[in-house]
Every structure is written in C-alpha cells, then in structure tokens.
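Let me begin by presenting the structure, written as structure tokens, before commenting on it.
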Number of protein chains: 2
Amino acid sequence: MKLSTKGRYGIQAMFELALYYGEGPISLKTIAENEGLSEHYLEQLIAILRKADLVKSVRGAQGGYMLAAPPDKITVGDVIRTLEGSLAPADCVLEDTPFECSRAGGCPTKLVMERIRDSINKVIDSITLQDMVEDYRRLNQKSAFMYYI
Amino acid sequence: MKLSTKGRYGIQAMFELALYYGEGPISLKTIAENEGLSEHYLEQLIAILRKADLVKSVRGAQGGYMLAAPPDKITVGDVIRTLEGSLAPADCVLEDTPFECSRAGGCPTKLVMERIRDSINKVIDSITLQDMVEDYRRLNQKSAFMYYI
DNA sequence: TGAAATCCGGGTAAAATAGTAGGGATTCAG
DNA sequence: CTGAATCCCTACTATTTTACCCGGATTTCA
C-alpha cells in the first residue's frame, strides 16, 4: 500500500511550483535539484501533469513550468490521482470502472475497501498546495526561531 | 496504492473463519473454495497469520484452521498489517522504523503522508471481523427479502 | 547563432507480485 | 494399522510494475 514515486515526486514537484507561484516559469533542473530527484524521470511525470492541465509549460531558454491554477485551487488529490489513477485499494471499488466480482452485491470485503478508499480521498482532497506551502513556511519559521533559544 | 492480494485474500480468509467461529476447524480447501482462491497460495498467507497468533491450526484429518480469538477481538487492521506490513504510504512515515530523509524536520510532503497513513489506520482499526460478519448477514437477509417483493 | 530549455519515444535492470511444485509430518477413521 | 485428509515447509518462476536512462528533435531567448 505504498504510494509509488510517481505520486510522491509529483507532490514534491508541484509543491516547488506552488512555492514560486507568480514568479515566472521554473525549470525542471531547478525543481530536480531542490528536491533531489532525477531530472529525466521528473520530465515524464510532469508531462502527465501538463496533459491533465495542472501545469503549464514555457518552451525555450529561460522557460520552465508553472501551475495552471493558483495553489489554493489545486489539491494533493488532483495531483496523486492524475499520476497514480484512483486510490481505490481494490479494483472492485474503482470510482470510474469498478470490476464487479461474482459476489459484488453481498460482499463484506467490498464494504471495507470502500471505507478505506473514501477515507483516503477525503484526506487528499482536503489538502491544497497552498496548505503545503503554509505548513512549510510555518515549520521553517519555527526552526529558525529555535536557534535563538 | 492498491492492496496486494495478500491483504485482500487474507481478509477474505479471516472472514470465512469468523463466519464459522466456534464450529471447529475449517480446512484450507473449504476456505479456498468458498472464496474462489488458490489453495496453495492461501496456505502461505495463513502461515503468516498463524505465526502472528491470529489463527490456530489443527493438524491431521478433519483438521483445519480457526480464529485464535473471538471475531470481535480481531480487526481488519490486525490482518492487513500482519500480511502487508505498515500501511504507511511512504517510508518516511513508517510507524516502527521511519526512513529519515534529509529534510525530514521541515518536510511538507511528510505531513501529507502522515495524514493519509493515520486516516487509513483509523478506518481499518475500527472494523472487526465481527462487524464484517454482521454486515454480511444483513446484506444477505436483505437480498433474500427482496425476492418476495 | 548558440545555449537553454521543453518535448518525445523507446529501452531496460531490478524488484515485487502472484502464484506453482513437490515432498514431509501429523492425525483421524475404519 | 493403514490410508486418506490435512497441515507444514522450502524452493522455484513467469509476469508485471517500477524507476529510471538515452538520444535526439524542437522551440525560444539573448
């Protein structure tokens, strides 16, 4: 039940873009360096995010990527689902194309899966990139303050 | 973010054992047939559950398996974690041996992972095998009733 | 024009998944 | 006391997924 690196790196990259939102395009190189990720691999992930209209690209020198919407309009759920697909823990509770098993109607395991799925969705849909940025700034401020004690 | 078949089959097998709790040992063959699973594969999974003291075995002819505790004392979380390990969506938020990344302290992604982890745990720890049995009986009763309309 | 970027398709080694195979040990029924 | 049922254990394996790398084309700014 791990998130793959797609989802994790995707969140990290989107967080970087949120951090510099409004300051022009950020290059993949910058993102990859700041987050310690492979530039080539990140390229594939951000291509998916671009096709899903979550980021915009600017080609050519001094180009790069930026969020397609303000950080408070993009949720962690948008990012994860774009990169990983549904977060349903089993195929029988996929939101779009559920695989119907033979006992689908009266299956007690399915109820469990639905509850897990719903609780994950509830959490990731409630966190925006703006929330992450604010958390980050708060955490950083705190540890800077700690040095003076 | 799928549960592997280990977790899913494990829940199904434990549900079967809960359904017949108190009626003597149930053979692997019976469980596998009722749930439509591979007997040999299930054997490996139930061995893990046995070592974790969630099920007891009775060897020899007319032997089989039974729950090591009443169905209302075993949660879905006990079963899943035994078979799949922690349900942390990333290694940095493992409950027992978290992998500390470089920015661990001020990492906003980690906060997200913690919230996902906690919400999954909350759900699976709140559902007992007894709950599943009751759901099953309720669902079945309902559909039997439907036939008369 | 040349350097800095994005864009794009393909390739690939390693790990995880979901089993299969086969034999040994134990116990009950007749 | 023998045979069938059943658990117990280790090893093997095909397939899929993951997490990348490579090379080159295209676009744009300075």
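Every chain is numbered from 1 and lettered A, B, ... according to where its sequence line falls, protein lines coming before strand lines.
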Hydrophobic cluster membership, B:L17 vs B:V133, 4.5 Å side-chain cutoff: yes
Side-chain-base donor-acceptor pair under 3.5 Å for B:E43 and D:dC7: no
Members of residues 45-55 of chain A that approach DNA chain D, where some heavy atom sits under 4.0 Å away: none
Modelled atom types, side-chain donor and acceptor of A:E16 and A:Q12, under 3.5 Å: no
Min side-chain heavy-atom separation B:M66-B:V55 under 4.5 Å: no
For nucleotides 14-16 of chain C, which of its nitrogen or oxygen atoms have a protein nitrogen or oxygen under 3.5 Å away, and what is each distance?
none

Sub-4.5 Å side-chain heavy-atom contact between B:V76 and B:M132: yes
Side-chain heavy atoms of A:I116 within contact of A:V112, under 4.5 Å: yes
Near-strand residues of residues 12-34 of chain A, defined as heavy-atom separation under 4.0 angstrom from DNA chain C: A:S27, A:L28
Student check: side-chain heavy atoms of B:D72 and B:L129 closer than 4.5 Å: no
Main-chain N/O of B:V123 paired to A:R115 side chain as donor or acceptor, under 3.5 Å: no
Between P of D:dC8 and CG of B:L42, the distance in whole Å: 13 Å
Contact list for DNA chain C against residues 56-70 of chain A - heavy-atom distance below 4.0 Å: A:S57, A:V58, A:R59, A:G60, A:A61, A:G64, A:Y65
Polar side-chain atom of B:D131 near backbone of B:T128 as donor-acceptor pair, under 3.5 Å: yes
Single-linkage hydrophobic cluster, 4.5 Å side-chain cutoff, A:L19 and B:L111 together: no
Side chains of residues 80-87 of chain B: which donor-acceptor pairs under 3.5 Å do they make with residues two or more places apart or in other chains?
{"unit_1": "B:R81", "atom_1": "NH1", "unit_2": "B:N121", "atom_2": "OD1", "d": "2.9"}
{"unit_1": "B:R81", "atom_1": "NH2", "unit_2": "B:D125", "atom_2": "OD1", "d": "2.4"}
{"unit_1": "B:R81", "atom_1": "NH2", "unit_2": "B:D125", "atom_2": "OD2", "d": "3.3"}
{"unit_1": "B:T82", "atom_1": "OG1", "unit_2": "B:D78", "atom_2": "O", "d": "2.7"}
{"unit_1": "B:E84", "atom_1": "OE2", "unit_2": "B:S4", "atom_2": "N", "d": "3.0"}
{"unit_1": "B:E84", "atom_1": "OE2", "unit_2": "B:S4", "atom_2": "OG", "d": "2.9"}
{"unit_1": "B:E84", "atom_1": "OE2", "unit_2": "B:G7", "atom_2": "N", "d": "2.9"}
{"unit_1": "B:S86", "atom_1": "OG", "unit_2": "B:A88", "atom_2": "N", "d": "3.0"}
{"unit_1": "B:S86", "atom_1": "OG", "unit_2": "B:E95", "atom_2": "OE1", "d": "2.6"}

Modelled atom types, side-chain donor and acceptor of B:Y65 and B:S27, under 3.5 Å: no
B:R117 side-chain N/O to B:V93 backbone N/O, donor-acceptor pair under 3.5 Å: yes
Per-nucleotide protein contact string for nucleotides 11-21 of chain D, where B marks a base within reach and S marks sugar-phosphate only (heavy atoms under 4.0 Å, - for neither): B-------BBB
Heavy-atom side-chain proximity of B:M113 to B:K110 below 4.5 angstrom: no
Residues A:Y41, A:T5; criterion side chain to side chain donor-acceptor pair (under 3.5 Å); working and verdict: CA-CA 10 Å; A:Y41 186 41; A:T5 54; 3.1 Å; yes
Taking every non-hydrogen atom, the tightest pair across A:L42 and A:A13: CD1-CB, 4.2 Å
